[in-house]
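Everything on this sheet refers to the single structure shown next.
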Protein chains: 2
Amino acid sequence: MGITERKVREKEHRKEEILDAAKKVFFEKGLSAATMDEIAEAAELSKGTLYLYYKSKEDMYLGVMMRGMEELYEDFERIGTSSVSTLHKIMELGDVYRKYFDKHRKFFRMIHFLQSPQFHKQVSDEMKKTCDMETQRVWNVINSILQTGMDEGLLRPNYNPMELGVILWSNMNALMLRIDNEGDKWKKRFNIDLEHTLSVSTTLLFESILTTRGRTEYAALANK
Amino acid sequence: MGITERKVREKEHRKEEILDAAKKVFFEKGLSAATMDEIAEAAELSKGTLYLYYKSKEDMYLGVMMRGMEELYEDFERIGTSSVSTLHKIMELGDVYRKYFDKHRKFFRMIHFLQSPQFHKQVSDEMKKTCDMETQRVWNVINSILQTGMDEGLLRPNYNPMELGVILWSNMNALMLRIDNEGDKWKKRFNIDLEHTLSVSTTLLFESILTTRGRTEYAALANK
DNA sequence: TTTAGTTACTGACCATTAGTCATTTATTAC
DNA sequence: GTAATAAATGACTAATGGTCAGTAACTAAA
């Protein structure tokens, strides 16, 4: 049954090719300004064909986003399986996410679509589920690292690791979003460098969830 | 010149009436699903007339949002001018914002539009400026309270009050957004009550920006 | 090679809807 | 009463997400 397999492979390949085109257009114009006709032209396919592979424009957008999420997952996974200390891993999670924000700004913006009402209203259940699984993978890495940190007595035991995860993540996310949208404004008007503010808040939160032992280790690591 | 004045008043009134209708429709359907025809019908006016008062659908959306922002401003301003201790005021800011989130969820969602790419792309410069001024008023209250807190030695002096403000605000915002979108999911899947998480993270951050004196006072206040 | 059947693709077409503008209606001024 | 001004209208346009009847390409059996 080599033919059937080849066809499946080709279909998969076409799907990816469409995503290549979609990525280009979405990166350039964003979700609302991008048109399906443009994407079709970029993909060298007719518009109708796009709909054979993706249910809607929003679904396609998320298809692209998933690539970005996968990249983030791989970065995180690399941390998870590395052989540095747990504290170091936790710090790395933050650093890597911040680098991700710098290097993959467009993906960062796309990920934010997951938190918009449009996502909950206009996306097919199927795609929602797919996104959910991918997001889950990322959270699993975070959770497992924080759980270890807790087991090792680095993190204050009265909190749930996942809870700490969502706190740290949300905190970074909110400031990054602000940097992305109003960074210049805050610099000009209040002379505040939100990049620095992000470091400050991350450090504040991080220190406040560490045990005494965790803090000692952290101080040693930060001094290096 | 009584007539001219009356006309200005009537025009202003019409603008508000249109916002009444728009608010109803936007609250019900959200920005993208609401149509101008619907709003026109709700306002008992023709669609063309709407455009005599607002430049675009997005501008109108922000007109509605501004009402919500004003309400928040008034709540904040009330705190600012109240005669409780500064520490109490700071805590009140958080509490009031959280209540605002509970009571005016739709407005909360609208405020988030300010952080979306759509806002930066599809809104008239004029409306952007108006929003900016309103937002500014809110920040001014926060800033002035935090500045006082710093002057009184409650807040660690190595930070900028506005910086602390944006940290606290962003932190709350991010978790509220998550509660709004995925609150149920987190409860069901991880058995995490994000409402509680919000309290935790706010407390953590808050404590970590207080001086020793501030913390003593805080402990006293929290025990009451 | 021919033919029937299947799959992939096409692009004209449809429906929706934000925004416009020539025209009509109402109000004011003289 | 009439001219001038302001307010309101709604048919129309343009843009665009999505559809579907028809076409082309490929596969498999005769």
Side-chain angles (χ1 to χ4, degrees), chain A residues 1-19 21-22 25-26 28-64 113 118-119 121-124 126-127, chain B residues 1-22 25-26 28-64 113 118-119 121-127:
Chain A
M1 283 296 94
I3 286 171
T4 322
E5 280 162 16
R6 196 200 74 219
K7 288 224 164 178
V8 169
R9 221 166 43 234
E10 277 176 358
K11 200 152 189 177
E12 221 41 57
H13 188 240
R14 200 20 70 87
K15 260 189 122 164
E16 291 305 312
E17 282 179 331
I18 292 175
L19 278 197
V25 179
F26 284 136
E28 210 170 292
K29 314 219 165 175
L31 173 58
S32 58
T35 73
M36 291 304 266
D37 284 302
E38 272 178 299
I39 294 171
E41 199 187 327
E44 294 174 307
L45 287 169
S46 75
K47 186 162 62 164
T49 306
L50 300 186
Y51 285 92
L52 297 174
Y53 293 88
Y54 295 93
K55 282 212 178 71
S56 69
K57 185 175 156 179
E58 281 74 20
D59 271 31
M60 219 155 89
Y61 189 75
L62 287 171
V64 176
F113 184 65
Q118 262 185 80
F119 172 71
K121 281 183 193 160
Q122 302 182 353
V123 171
S124 73
E126 201 188 325
M127 184 50 95
Chain B
M1 287 293 92
I3 285 171
T4 323
E5 280 163 14
R6 195 201 76 218
K7 286 225 163 177
V8 170
R9 222 167 41 235
E10 276 176 359
K11 201 151 186 179
E12 220 41 56
H13 188 238
R14 194 30 61 91
K15 260 190 120 162
E16 290 305 311
E17 282 180 331
I18 292 175
L19 279 196
D20 289 339
V25 179
F26 282 136
E28 211 171 293
K29 313 217 166 177
L31 173 59
S32 58
T35 73
M36 290 304 266
D37 284 302
E38 272 178 301
I39 295 171
E41 199 186 327
E44 295 174 308
L45 287 169
S46 75
K47 185 163 62 164
T49 306
L50 300 186
Y51 284 92
L52 297 175
Y53 294 88
Y54 295 93
K55 281 212 178 70
S56 70
K57 185 174 153 179
E58 280 75 20
D59 272 29
M60 219 156 91
Y61 189 75
L62 287 171
V64 176
F113 184 65
Q118 261 185 82
F119 172 69
K121 280 183 195 160
Q122 301 184 350
V123 171
S124 73
D125 288 345
E126 202 188 323
M127 183 49 94

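For the numbers below, each heavy atom of this structure counts, side chains included, while hydrogens, waters and symmetry mates do not. Just so it is clear: chains get the letters A, B, ... in the order the sequence lines come, proteins before strands, and each one is counted from 1.
Here D/dT9 presents its P atom at 9 Å from CG of B/L52, a figure rounded to the nearest Å. The CG-P distance, from B/D37 to D/dC12, rounds to 15 Å in whole Å. The separation between B/R14 atom CZ and D/dA6 atom P is 17 Å, rounded to whole Å. Protein atom CG of A/L50 is 9 Å distant from nucleotide atom P of C/dT10, rounded to whole Å. Spacing between atom NZ of A/K11 and atom P of D/dC26 amounts to 16 Å, rounded to whole angstrom units. Rounding to whole angstrom units, CD of residue A/E44 and C1' of C/dG11 are separated by 17 Å. Remark: P of D/dA8 and OH of B/Y54 are 13 Å apart, rounded to the nearest angstrom. Rounded to an integer number of Å, the gap from CE of B/M60 to P of C/dT17 is 15 Å.
OP1 or OP2 of D/dA8 has at least one side-chain nitrogen or oxygen of B/Y53 nearer than 4.0 Å. Phosphate contact (OP1/OP2 of C/dC9, side-chain N/O of A/T49, threshold under 4.0 Å): absent. Proximity of B/K47 to the phosphate of C/dA18: no side-chain N or O atom is located under 4.0 Å from OP1 or OP2.
Comparing D/dG10, D/dG17, C/dC9 by their closest approach to the side chain of A/M36 singles out D/dG17. Here the side chain of B/K57 is nearest to one of D/dG18, C/dA18, C/dG11, namely C/dA18. Listed nucleotides: C/dA18, D/dT9, D/dG18. Nearest to the side chain of B/T35: C/dA18. Checking C/dA8, C/dA18, D/dG18 against every side-chain atom of B/Y51, the shortest atom distance belongs to C/dA18.
When heavy atoms are screened at a 4.0 angstrom cut-off, A/A34 is found touching the sugar-phosphate backbone but no base atom. Contact annotation for B/L45: backbone-only contact, meaning every heavy-atom pair under 4.0 Å involves sugar-phosphate atoms and none involves a base.
One distance of note links CG of B/L45 with OH of B/Y51; it measures 13.5 Å at 0.5 Å rounding.
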Derivation and outcome, side-chain hydrogen bond (donor to acceptor under 3.5 Å, both in side chains), residues B/Q122 and B/S56: CA-CA 9 Å; B/Q122 301 184 350; B/S56 70; over 6 Å; no

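A cation-pi arrangement is present between A/K15 and A/Y54, with the terminal nitrogen or guanidinium carbon under 6.0 Å from the aromatic centre and inside a 45° cone about the axis.
Of all heavy-atom pairs spanning B/A40 and B/S46, the tightest one is CB-C, 3.9 Å.
Salt bridge absent: A/E12 and A/R9 never bring a charged side-chain N and a carboxylate O closer than 4.0 Å.
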